Chemist: 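Take a look at the following structure, please.
Model, not experiment: these values are computed from the prediction.
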Amino acid sequence: MSRSLRYLILFLTAVLLISAVPLCASAEDNGDYKLLALTFDDGPGNYTEKLLDAFKERDVKSTFFVVGKSAAKYPELLERMSDEGHQLGNHSYSHAYLTSLSAERITEELEKCSRYLQAAAGEEEAFYIRPTYGAYNSKLKAVADAPLITWSVDPKDWEHRNTDTIVKNIMRTVQDGDIILMHDIHKFSVDAAIIVVDKLIEQGYEFVTVSELLRRRGVTPESGSVYTSARNTGVNLGPPIDPEAYDETLIENHPAYEAICYTRHTGLFSGSSGDAFYPNKYLSRGMFVTVLGRFAGAAVQTTDNYTEYDDVKPEMYYAPYVKWAAESHIASEPDDGRFRPDDPITHGQFSAWLTQYLNLLSPGLSEQQKTDLFPGMNTEENSALYSELGLITGVSGDLGDPKTL
Ligand code: ZN
């Protein structure tokens with residue numbers, strides 16, 4: 001293989017890494033966060049509104065695993081949950097004992113509940129599942145189209161029916177990373193939840209949704225897998241960065257300033273829109289294929305930009321590049337007819353797409369040569385090599401840890 005090809009690849013990788021610098025080198029990563037996820041099953045009910053009011057006042061986010069039958073009665077409460085940043089989850093339609101049902105019936109129970117969640121959330125997503133009675137088996141796991149969430153703290157609110165006892169039960173065992181089980185259909189539970197929230201906020205805890213808890217602990221949830229808690233095992237990310245938060249008048253002080261100028265002036269990556277670059281914004285999948293396509297000098301069509309993906313509108317800036325990437329088999333997953341252009345790109349996708357790009361660039365190389373040339377971007381060796389060549393500046397910490405760039 002030619003030396004120039006090797007450098008071209010290194011250069012390509014470096015451009016992409018440099019453009020990712022402000023996105024991964026957050027000073028807040030692996031910080032001192034204490035996180036908890038409150039979860040409420042079986043609702044909504046008569047006391048849910050009181051709970052939502054209290055949470056709004058305290059900026060607390062939680063997860064509601066609703067029962068479809070009840071959801072049907074309170075559509076406006078579900079909408080409010082979604083609007084106020086709470087997570088909606090699936091607790092079946094009729095609270096059936098899912099593990100005793102056939103696969104077909106399980107699917108029916110979950111899908112029927114999902115429809116109410118969908119209507120409230122507005123957009124299509126796979127809603128996390130709280131198995132009824134906390135019971136799951138291989139059949140349920142196989143049928144589930146989302147992660148199964150159980151819990152690590154159960155104050156048995158429904159059994160004790162007493163606010164003080166419930167508060168004590170939680171406070172006695174609660175620890176960082178816990179998922180707490182409660183029921184918002186009881187007044188004593190709702191009252192206890194509000195007391196517990198106040199006590200734990202005072203102890204420095206932050207209340208987040210289950211999906212946010214997993215994200216901040218570096219866990220990528222998988223359909224059919226069971227999650228009971230998310231302890232701090234070394235990854236402890238900060239809250240999502242508000243893309244508007246960066247003061248662009250100070251951009252010359254940004255550690256990636258020179259690289260930002262380079263990518264803008266060459267037209268490889270101009271940031272988000274207008275004059276602002278949004279250096280702290282996560283790179284979306286749509287942006288990434290666009291940058292890659294421009295770098296590759298892809299001859300893209302400007303007229304016929306219809307793709308096989310339902311969620312890629314032909315008038316969007318990334319549409320021709322999504323089309324190019326799909327047709328060149330660089331980014332042809334996932335397989336459900338959606339490209340998810342606005343989702344952040346994960347390290348896994350980033351590596352896979354670059355590798356596919358390399359394949360496209362050098363079809364004559366053997367697998368071994370490709371491995372030698374591009375062994376993956378998460379190895380320390382690679383990072384060290386890029387740093388040595390001066391291709392990466394301003395990168396701190398391990399590139400491999402955070403799940404998104
Ligand atoms: Zn239940």
Chemist: Below 4.0 angstrom, N of the basic side chain to O of the carboxylate: do D176 and R217 qualify?
Modeler: yes
Chemist: Under a 4.5 Å cut-off applied to non-hydrogen side-chain atoms, are P341 and R285 in contact?
Modeler: no
Chemist: Minimum heavy-atom separation for L98 to S92, with atom names?
Modeler: CD2-CB, 4.1 Å
Chemist: So, for T307 and A319, which heavy atoms are closest and what is the spacing to 0.1 Å?
Modeler: CG2-O, 4.0 Å
Chemist: Say whether, by atom type as modelled, one donor and one acceptor occur between the side chain of K34 and the main chain of Q203 under 3.5 angstrom.
Modeler: yes
Chemist: Distance from L214 atom CG to Y227 atom OH, nearest 0.5 Å?
Modeler: 7.0 Å
Chemist: Measuring from atom OH of Y33 to atom CG of N236, what distance do you get when rounded to the nearest 0.5 angstrom?
Modeler: 7.5 Å
Chemist: Please step through side chain to side chain contact (heavy atoms under 4.5 Å, CB included) for the pair F55 and L38, ending with a clear verdict.
Modeler: CA-CA 11 Å; F55 285 173; L38 273 172; 3.9 Å; yes
Chemist: Can you check side chain to side chain contact (heavy atoms under 4.5 Å, CB included) on F188 and N162, steps first, answer last?
Modeler: CA-CA 6 Å; F188 46 80; N162 176 288; over 6 Å; no
Chemist: Listing request: all side-chain hydrogen bond (donor to acceptor under 3.5 Å, both in side chains) pairs with a residue in residues 47-61, at least two apart in sequence or in separate chains.
Modeler: T48-D184, K50-D191, D53-R80, R58-D198, D59-K61
Chemist: Hey, does K141 have a side-chain heavy atom less than 4.5 Å from the side chain of S223?
Modeler: no
Chemist: In Å and rounded to the nearest 0.5 Å, what is the CD to OG distance from Q175 to S229?
Modeler: 7.5 Å
Chemist: Rounded to the nearest 0.5 Å, what's the gap from OG on S82 to CG on L77? Could you check?
Modeler: 12.5 Å
Chemist: Do T209 and E212 come close enough that some side-chain heavy atom pair is under 4.5 Å?
Modeler: yes
Chemist: Rounded to the nearest 0.5 Å, what's the gap from CG on L51 to OG on S189? Could you check?
Modeler: 9.5 Å
Chemist: Give the minimum heavy-atom separation between T99 and N137, together with the two atoms involved.
Modeler: O-ND2, 3.3 Å
Chemist: Show which side-chain atoms of residues 67-74 pair as donor or acceptor with protein atoms under 3.5 Å away, not counting sequence neighbours.
Modeler:
| from | atom 1 | to | atom 2 | distance (Å) |
| --- | --- | --- | --- | --- |
| Y74 | OH | N46 | OD1 | 2.9 |

Chemist: Can a donor-acceptor pair be found, under 3.5 Å and without considering hydrogens, that links the side chain of D178 to the backbone of L36?
Modeler: no
Chemist: Are R216 and E206 close enough for a salt bridge, meaning some N to O gap below 4.0 Å?
Modeler: yes
Chemist: Can you find a pair of side-chain heavy atoms, one from R231 and one from S152, that are under 4.5 Å apart?
Modeler: yes
Chemist: In the structure I gave you, are the side-chain heavy atoms of V153 and L181 within less than 4.5 Å of one another anywhere?
Modeler: no
Chemist: Quick check, are the ring centers of H91 and F64 under 6.0 angstrom apart?
Modeler: no
Chemist: Begin from the C-alpha positions of I180 and T39 and carry the test side chain to side chain contact (heavy atoms under 4.5 Å, CB included) through to its verdict.
Modeler: CA-CA 6 Å; I180 304 168; T39 64; 5.7 Å; no
Chemist: Are I170 and I166 close enough that some pair of their side-chain heavy atoms sits under 4.5 Å apart?
Modeler: yes
Chemist: Check S211 against Y128 and note the closest heavy-atom contact, atom names and distance.
Modeler: CB-OH, 3.3 Å
Chemist: How many angstroms lie between CG in L110 and CZ in R115, if you round to the nearest 0.5 Å?
Modeler: 11.5 Å
Chemist: Return yes when atom CD of E104 has more than 12 non-hydrogen atoms of other residues, nucleotides or ligands closer than 6.0 Å, and no otherwise.
Modeler: no
Chemist: Do Y133 and H95 pass the ring-ring contact (aromatic ring centres under 6.0 Å, His included) test, and can you show the C-alpha distance, the side-chain angles, and the key distance before you say yes or no?
Modeler: CA-CA 9 Å; Y133 309 97; H95 208 275; 4.8 Å; yes
Chemist: Before you tell me yes or no, could you show the steps for H183 and D41 under side-chain hydrogen bond (donor to acceptor under 3.5 Å, both in side chains), namely the whole-Å CA-CA distance, both residues' side-chain angles and the distance that decides it to 0.1 Å?
Modeler: CA-CA 5 Å; H183 299 83; D41 287 10; 4.6 Å; no
Chemist: Taking all non-hydrogen atoms of both residues into account, name the closest pair between C113 and Y93 and its distance.
Modeler: CB-N, 3.9 Å
Chemist: Looking at side-chain heavy atoms only, is the closest gap between I129 and I149 below 4.5 Å?
Modeler: no
Chemist: Between the side chains of H186 and D157, does any donor sit under 3.5 Å from an acceptor?
Modeler: no
Chemist: Which pair of non-hydrogen atoms, one from L35 and one from Y205, has the smallest distance, and what is that distance?
Modeler: N-CD2, 4.2 Å
Chemist: Under a 3.5 Å threshold, yes or no: a donor from one side chain and an acceptor from the other, between R130 and T150?
Modeler: no
Chemist: Are any non-hydrogen side-chain atoms of E79 and E84 less than 4.5 angstrom apart?
Modeler: no
Chemist: Measure centre to centre between the rings of F40 and F65, then say whether the value is under 6.0 Å.
Modeler: no
Chemist: I'd like to know if the side chain of E308 reaches the main chain of G337, judged simply by a donor and an acceptor atom lying under 3.5 Å from each other, with no hydrogens or angles considered.
Modeler: no
Chemist: Under 4.0 Å between a Lys/Arg side-chain N and an Asp/Glu carboxylate O for K199 and E202?
Modeler: no
Chemist: Kindly determine whether I194 and V196 satisfy side chain to side chain contact (heavy atoms under 4.5 Å, CB included), including the steps that lead there.
Modeler: CA-CA 5 Å; I194 298 169; V196 160; over 6 Å; no
